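A short write-up of the structure that comes next.
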Amino acid sequence: MPKPLDIIVIGAGICGLSAAIWLRRAGHTVTLIDKDHPGAGASYGNAGLLAQWAIVPMNTPDLRKSAFKYLTSSDSPLFFQWSAWPALAPWLWQFFRNATPERNVHMSGALANILTDSVAQHRALTKGTQAEDWIADSALTYAYASRAAFEADAASWETKRRAGFTPEIIEGPAVQEAEPILGPETGLLAVLKDHGHILNPGAYMEALAKVLEDEGGTYRQAEAQDIELQGGKVTAILTSAGRLPCDRAVLAAGIWSKPLMRKLGLRVPLVAERGYHLHFKGPSQMPKNPMMLTQGKFAANPMASGLRCAGTVELGDTTRGPSSGPRDLIARKVKRLFPALEYEGVEEWMGFRPSTPDSLPLIGEINGSGVHAAFGHQHVGLTAGPKTGRIVAALIDGQPPNIDLAPYDANRF
């Protein structure tokens, strides 16, 4: 085993927690820091799906034809903060350049490599700990209005089939027998077996932080402000709680990684994919399994504390509060698709998901600095977090993983 290293992990979301735990298990001295409590950001508010099937990037080849429809339809799941347009334009240019058949094969293949064994990766991370209790096995159901709507999604399903995901189809009255929460507007279900979901993402992150501390790691609430380099190598992280010396560092702070990347000489085209959820407390009905509601492009997940409906995409910045459009779209679709649903209250949330123009995260060492990137997962961070953390831990420990890491190269931009 190599000499144990002093390692600082920046960011206590799922990627940072996973990297910290695997590094500690490799025998290194690990300090995890975050400006807030574990999982306070996107890891807290996500849909809670272990989306092994989410290998189709947003910028599919038909985007160039459908973009105008998305921008002009009140039922579109895509929103823009128009005040942020000047800052978004360069990113959007790269995003559209990646919307080609060739690039989609590349992106979907790279996504498959870090997503398709997600449930097993979460199980490996949590085996024998209390954090494992928050992982549930389940199917995943795509809910469509009709057979025609399902067939219109053929290209997406062909990509999934190539990765081994072939759905069971349920139609007609059997739809409501399978999922009584659904009203008559849903006429077809495409069901994927052997998946999973998280019963409470916030509690799961807190449990993972306890796993780290129980196994000898340290958690400190502190904000990373700068990276100290000597001879191009990291020597310390400068924080709101003082200077923390280190031999290596992991940058897993989601959208907040961007200013620290600039300290390392990189300008990453990273924008905020502003995600929303409505969490219905005391619901009168719950789905039997998590669902993707294709009529609104959002997920409905039965959790320990209620029904979470999360999704939509709003591209913008991190300085403004929530917009009404994405929230209202989810609320409107929930009312139509779950017509008999009643509830005691609803929690509204908005958070920032770090989004790259090629739909792929940054994983690996940055410019030979000893700082390793583990961020940029868009809306699949919870799914890919444990594997990303394991990959980064292996790289730092001198054990390169057995997958091609070139698509996630932290220096590719």
Side-chain angles (χ1 to χ4, degrees), residues 11 13-15 34-36 39-49 51 54 57-59 63 66-67 70-96 201-202 205 252-259 261 268-279 292-293 296-301 308-334 346-362 375-385:
I14 185 62
C15 293
D34 195 287
K35 62 183 179 180
D36 210 327
S43 290
Y44 165 81
N46 62 61
L49 303 183
M58 289 195 302
N59 43 348
L63 181 66
S66 59
Y70 281 138
L71 291 176
T72 56
S73 171
S74 61
D75 276 346
S76 168
L78 177 61
F79 297 84
F80 281 93
Q81 280 188 313
W82 293 106
S83 61
W85 179 258
L88 289 172
W91 185 92
L92 286 167
W93 171 247
Q94 293 188 53
F95 186 73
F96 276 97
M205 299 305 128
I255 193 67
W256 312 111
S257 301
K258 191 172 182 179
M261 288 289 280
V268 182
L270 199 68
V271 302
E273 185 184 311
R274 294 155 54 93
Y276 290 78
H277 84 217
L278 297 183
H279 192 93
M292 286 298 300
L293 286 307
K297 296 290 194 295
F298 66 91
N301 191 2
R308 179 166 297 180
C309 295
T312 71
V313 172
E314 183 184 42
L315 296 175
D317 60 33
T318 58
T319 62
R320 294 178 183 268
S323 304
S324 61
R327 176 199 63 204
D328 292 347
L329 174 65
I330 295 174
R332 189 166 66 249
K333 293 295 185 179
V334 164
V346 60
E347 171 195 84
E348 299 178 0
W349 175 90
M350 185 272 288
F352 308 113
R353 301 174 293 199
S355 189
T356 62
D358 62 1
S359 299
L360 300 175
L362 285 76
F375 65 89
H377 294 77
Q378 294 184 322
H379 46 273
V380 294
L382 179 68
T383 306

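Please read all numbers here as calculations on a predicted model, not as lab measurements.
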Item to check | Smallest separation among heavy atoms of Gly385 and Cys15, with atom names | outcome: CA-SG, 3.8 Å
Checklist entry - Taking atom types as modelled, is there a side-chain donor on Ser323 or Glu314 under 3.5 Å from an acceptor on the other? => result yes
Checklist entry - Mind checking whether Met261 and Leu362 have side chains closer than 4.5 Å, heavy atoms only? => result yes
Next on the checklist: Regarding Glu347 and His277, do their side chains bring together a donor and an acceptor under 3.5 Å, going by distance alone?
Outcome noted: yes
Item to check | Spacing of Met350 atom CE and Tyr276 atom OH [to the nearest 0.5 Å] | outcome: 5.0 Å
Item to check | Shortest non-hydrogen contact between Thr318 and Ala272, atoms and distance | outcome: CG2-CB, 3.9 Å
Checklist entry - Under 3.5 Å, is there a donor-acceptor pair between the side chain of Gln81 and the main chain of Asp317? => result yes
Next on the checklist: Under a 3.5 Å distance rule, please check whether Trp93 uses its side chain to pair with a backbone N or O of Leu88 as donor and acceptor.
Outcome noted: no
Item to check | Shortest non-hydrogen separation from Leu293 to Ala300 and the atoms involved | outcome: CD2-CB, 3.6 Å
Item to check | Straight-line distance of Leu315 CG to Phe79 CZ, nearest 0.5 Å | outcome: 11.5 Å
Checklist entry - Are His379 and Arg353 linked by a side-chain donor-acceptor pair shorter than 3.5 Å? => result no
Item to check | Gly316 to Ala84 - nearest heavy-atom pair and separation | outcome: CA-CB, 4.1 Å
Checklist entry - So, Ser43 side chain and Leu382 main chain: donor-acceptor pair closer than 3.5 Å or not? => result no
Checklist entry - Aromatic rings Trp85 and Trp82: how do their planes relate, parallel, tilted or perpendicular, breaks at 30° and 60°? => result tilted
Checklist entry - So, does Asn46 use its side chain to make a donor-acceptor pair with the main chain of Pro201 at under 3.5 Å? => result no
Checklist entry - Can you find a heavy atom in the side chain of Glu273 that is under 4.5 Å from one in the side chain of Ile255? => result no
Item to check | Interatomic distance, Phe298 atom CZ to Thr312 atom OG1 [nearest 0.5 angstrom] | outcome: 9.5 Å
Next on the checklist: Quick check for you: to the nearest 0.5 Å, what is the distance between Leu278 atom CG and Lys333 atom NZ?
Outcome noted: 14.5 Å
Checklist entry - If you look at every heavy atom in Ser359 and Asn59, which pair is closest and at what distance? => result OG-OD1, 3.0 Å
Next on the checklist: Can you confirm whether Phe375 sits close enough to Trp256 that some side-chain heavy atom of one is under 4.5 Å from a side-chain heavy atom of the other?
Outcome noted: no
Checklist entry - Got Met58 and Val313 here, is their nearest side-chain heavy-atom distance under 4.5 Å? => result yes
Checklist outcome for this item: Minimal heavy-atom distance between His377 and Ala384, with the atoms involved, is CD2-CB, 3.7 Å
Checklist entry - Counting N and O atoms only, with roles assigned by atom type, does the side chain of Lys258 sit under 3.5 Å from a partner on the main chain of Leu270, one being a donor and the other an acceptor? => result yes
Next on the checklist: In the structure I gave you, are the side-chain heavy atoms of Ser355 and Trp91 within less than 4.5 Å of one another anywhere?
Outcome noted: yes
Checklist entry - If you measure from SG on Cys309 to NE2 on His279, what distance do you get to the nearest 0.5 Å? => result 9.5 Å
Next on the checklist: What's the separation between atom CZ in Arg274 and atom CZ in Phe352, rounded to the nearest 0.5 Å?
Outcome noted: 5.5 Å
Checklist entry - Can Ser83 and Arg320 be counted as having a side-chain donor-acceptor contact under 3.5 angstrom? => result yes
